[in-house]
Q: 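Before anything else, here's the structure in question.
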Amino acid sequence: GYSGSYETWDYATTSMVYLGFHTSNGLCKSSSVRQTIARAIDRESIAQVDFARHAVPSALPVHPDSPAYDAQLAQTLSYAPEQLQELPFHNWSLTMIVNSENAARVAAAQRITEQLNAAGLKVPLQKMPFEDYTAALKAGSFDLYLAEVVLTADFDLSDLLLTGAPLNYGNWSNAEMETAMQTMRSAPDLVRISAAQNLYTLLCEQVPIAPVCFKNGSVLTRWGQLTGLEPIRGNVFYHLENWKLS
């Protein structure tokens, strides 16, 4: 939270909080299970409560302000926790890990595990110091993990989803999706949105990761002393000439 003596000016960023899956073994090897778990995430409450309204919920790995964001497609992964109860989870247990040094992500991870537990899936949450957390990711010692990544301005997912990529901790590999990512990266502007939607359709079907929200950046000013701020990612002084000092 912020002190009441400060006024907050938020701006969009490409910092994506997401739920990762171990896709090569265990329960999360099934795309239908991953999709159902993704739909058990209450993204709105995480953005509003755990990130204190300084985040924007998103079921797609692209910011909702982007022209490539497809709201109708995002609805296929919208909050529907009742679907978990339709799966035979009686004897299943999944281990979820999170970095204990980030309070907001710990709170979000706790909320997700509580929702999964309420549906009958046993999900103990392991909160780890950063070094232990990254070691567990590299060793594949998890079923689920909550993480954050700063994407490039074109929302390229190569480091997350290409085979052998440095952030592909879930061991995901899919030739069709890799082709779709390459097509999106190389597409000219006129067809880029169409290429992006093809990729996001595959992502919604396979769900190798489940986006949760995009964090906002914030500029704090003394309450009532400045107006006209229009901060953007990379330049909090954008349109400085429009600032007015009271």
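All residue numbers in this chain count up from 1 along the given sequence. What you are looking at is a predicted structure, and each value in this text was computed from that prediction instead of being measured.
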Q: Taking atom CZ as the centre, does R185 end up with more than 12 heavy-atom neighbours from other residues, nucleotides or ligands that are less than 6.0 angstrom away?
A: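 More than 12 heavy atoms, drawn from other residues, nucleotides or ligands, come within 6.0 Å of this atom.
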
Q: Where do E7 and L226 come nearest, in terms of heavy atoms and distance?
A: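 Scanning both residues, the minimum pair turns out to be OE1-O, 4.2 Å.
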
Q: Test of understanding: with side chain to side chain contact (heavy atoms under 4.5 Å, CB included), list the residues that count as partners of D143, not counting sequence neighbours.
A: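 Applying side chain to side chain contact (heavy atoms under 4.5 Å, CB included) to D143 gives L94, T95.
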
Q: Side chain to side chain contact (heavy atoms under 4.5 Å, CB included) between Y6 and T221: does it pass, once the steps are laid out?
A: CA-CA 5 Å; Y6 288 91; T221 64; over 6 Å; no

Q: Is the shortest heavy-atom distance from the side chain of S58 to the side chain of C213 under 4.5 Å?
A: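 Not in contact.
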
Q: Hey, could you give me each pair passing salt bridge (Lys or Arg N to Asp or Glu O under 4.0 Å) that has a residue in residues 205-222? Not counting sequence neighbours.
A: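 Pairs touching residues 205-222 that pass the test: E148-K215.
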
Q: Same cluster or not: are I37 and V98 linked, directly or through other Ile, Leu, Val, Met, Phe, Trp or Tyr residues, by side-chain heavy atoms under 4.5 angstrom apart?
A: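 Same cluster: I37 reaches V98 through Ile, Leu, Val, Met, Phe, Trp or Tyr contacts under 4.5 Å.
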
Q: With rounding to the nearest 0.5 Å, note down the distance linking OG1 in T183 to CE in M177.
A: 12.5 Å

Q: Given side chains that start at C-beta, do those of P61 and F155 come closer than 4.5 Å, heavy atoms only?
A: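 They are not in contact (no side-chain heavy atoms under 4.5 Å apart), so the answer is no.
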
Q: Under 3.5 Å, side-chain donor or acceptor atoms of residues 234-241 against the rest of the protein: list the pairs with distances, not counting sequence neighbours.
A:
unit_1, atom_1, unit_2, atom_2, d
N235, OD1, F237, N, 3.0
N235, OD1, Y238, N, 3.4
H239, ND1, E230, OE1, 3.4
H239, ND1, E230, OE2, 3.4

Q: With distance as the sole test, does R192 use its side chain to make a donor-acceptor pair with the main-chain N or O of M184 at under 3.5 Å?
A: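 Pair found, side chain donor or acceptor close to backbone of M184.
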
Q: Between L60 and C204, is there a side-chain heavy-atom distance shorter than 4.5 Å?
A: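 When only atoms from C-beta onward are counted, L60 and C204 do touch, with a gap below 4.5 Å.
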
Q: I'd like to know if the side chain of S66 reaches the main chain of V62, judged simply by a donor and an acceptor atom lying under 3.5 Å from each other, with no hydrogens or angles considered.
A: no

Q: Classify the ring geometry between Y18 and Y145 as parallel (under 30°), tilted (30 to 60°) or perpendicular (over 60°).
A: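 Rings of Y18 and Y145: perpendicular, over 60°.
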
Q: In Å and rounded to the nearest 0.5 Å, what is the CG to CG distance from L167 to L161?
A: 9.5 Å

Q: Give a yes or no on whether V106 and L19 share a hydrophobic cluster (residues Ile, Leu, Val, Met, Phe, Trp, Tyr; joining criterion: side-chain heavy atoms under 4.5 Å apart).
A: yes

Q: Do you know the tightest heavy-atom contact between I97 and M128?
A: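 Shortest heavy-atom separation between I97 and M128 comes out as CG2-CE, 3.8 Å.
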
Q: Any chance you could lay out the side chain to side chain contact (heavy atoms under 4.5 Å, CB included) test for M181 and L199, step after step, and finish with the verdict?
A: CA-CA 6 Å; M181 282 190 287; L199 171 61; 3.7 Å; yes

Q: Please list all pairs passing the side-chain hydrogen bond (donor to acceptor under 3.5 Å, both in side chains) test where one or both residues lie in residues 166-178, with sequence neighbours left out.
A: S24-N171, T163-S173, T163-E178

Q: Can you measure from CG (L144) to CZ (R34) and round to the nearest 0.5 angstrom?
A: 11.0 Å

Q: Treat each ILVMFWY residue as a node, draw an edge where side-chain heavy atoms are under 4.5 Å apart, and state whether V207 and L27 are in one component.
A: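 In one cluster with V207: L27, yes.
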
Q: So which heavy atom on F214 is nearest to which on T13, and how close?
A: CD2-O, 3.8 Å

Q: Answer yes if the side chains of R39 and S78 hold a donor-acceptor pair under 3.5 Å, and no otherwise.
A: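 The criterion, which ignores hydrogens and geometry beyond distance, is satisfied for S78 and R39.
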
Q: Measuring only between side-chain heavy atoms, which start at C-beta, is F21 closer than 4.5 Å to P208?
A: no

Q: Say whether L146 and L116 are linked into one hydrophobic cluster, either directly or through other cluster members, by side-chain heavy-atom distances under 4.5 angstrom.
A: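 L146 and L116: one cluster.
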
Q: Applying ring-ring contact (aromatic ring centres under 6.0 Å, His included), name anything that partners Y69, two or more places apart in sequence or on another chain.
A: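 Result, ring-ring contact (aromatic ring centres under 6.0 Å, His included) vs Y69: none returned.
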
Q: How close do A180 and L202 get, counting heavy atoms only, and between which atoms?
A: CB-CD1, 3.9 Å

Q: When rounded to the nearest 0.5 angstrom, what is the spacing between NE2 in H63 and CG in L151?
A: 11.0 Å

Q: Verify side chain to side chain contact (heavy atoms under 4.5 Å, CB included) between T14 and T152, making sure each step is shown before the conclusion.
A: CA-CA 7 Å; T14 59; T152 52; over 6 Å; no

Q: For the side chain of T23 and the backbone of G170, is there at least one donor-acceptor N/O pair under 3.5 Å apart?
A: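 Yes, because the side chain of T23 sits within donor-acceptor range (under 3.5 Å) of the backbone of G170.
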
Q: Can you check side chain to side chain contact (heavy atoms under 4.5 Å, CB included) on L125 and Q110, steps first, answer last?
A: CA-CA 7 Å; L125 177 62; Q110 188 67 53; 3.5 Å; yes

Q: Quick check: closest heavy atoms across S100 and P129, and the distance to 0.1 Å?
A: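 For S100 versus P129, the nearest heavy atoms are OG-N, 3.3 Å.
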
Q: Minimum heavy-atom separation for W243 and G228, please, with both atom names.
A: CD1-O, 3.7 Å

Q: Taking H54 as the fixed residue, which of T8, D10, N216 is the one that meets the side-chain hydrogen bond (donor to acceptor under 3.5 Å, both in side chains) rule?
A: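 Single pass found, and it is D10.
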
Q: Ignoring hydrogens and geometry, is there a side-chain-to-backbone donor-acceptor pair from D70 to Q197 under 3.5 Å?
A: no

Q: For the CD atom of Q48 and the CD1 atom of I46, what is their distance to the nearest 0.5 Å?
A: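 Rounded to the nearest 0.5 Å, the CD-CD1 separation comes to 11.5 Å.
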
Q: Could you give the distance from CG (L162) to CG (D156), rounded to the nearest 0.5 Å?
A: 7.5 Å

Q: Evaluate the side-chain proximity of L160 to M16: yes if any heavy-atom separation is below 4.5 Å, no if none is.
A: yes

Q: Heavy atoms, side chains only, cut-off 4.5 Å: are Q115 and P81 in contact?
A: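 Answer no - side chains too far apart.
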
Q: For the side chain of T76 and the backbone of L73, is there at least one donor-acceptor N/O pair under 3.5 Å apart?
A: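 A pair under 3.5 Å: yes.
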
Q: Sorted by first residue and then second, give each side-chain hydrogen bond (donor to acceptor under 3.5 Å, both in side chains) pair with at least one member in residues 128-139; sequence neighbours left out.
A: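 Qualifying pairs, neighbours excluded: none.
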
Q: Under a single-linkage definition using a 4.5 Å side-chain heavy-atom cutoff for Ile, Leu, Val, Met, Phe, Trp and Tyr, are I41 and I209 assigned to the same hydrophobic cluster?
A: no

Q: Could you go through S218 and W9, starting from their C-alpha distance and side-chain angles, then the distance that decides it, and tell me whether this counts as side chain to side chain donor-acceptor pair (under 3.5 Å)?
A: CA-CA 5 Å; S218 299; W9 309 78; over 6 Å; no

Q: Determine, step by step, whether D42 and R111 satisfy the salt bridge (Lys or Arg N to Asp or Glu O under 4.0 Å) criterion, reporting the C-alpha distance in whole Å, the side-chain angles of both residues, the deciding distance to 0.1 Å, and the verdict.
A: CA-CA 8 Å; D42 186 356; R111 187 178 301 276; 5.9 Å; no

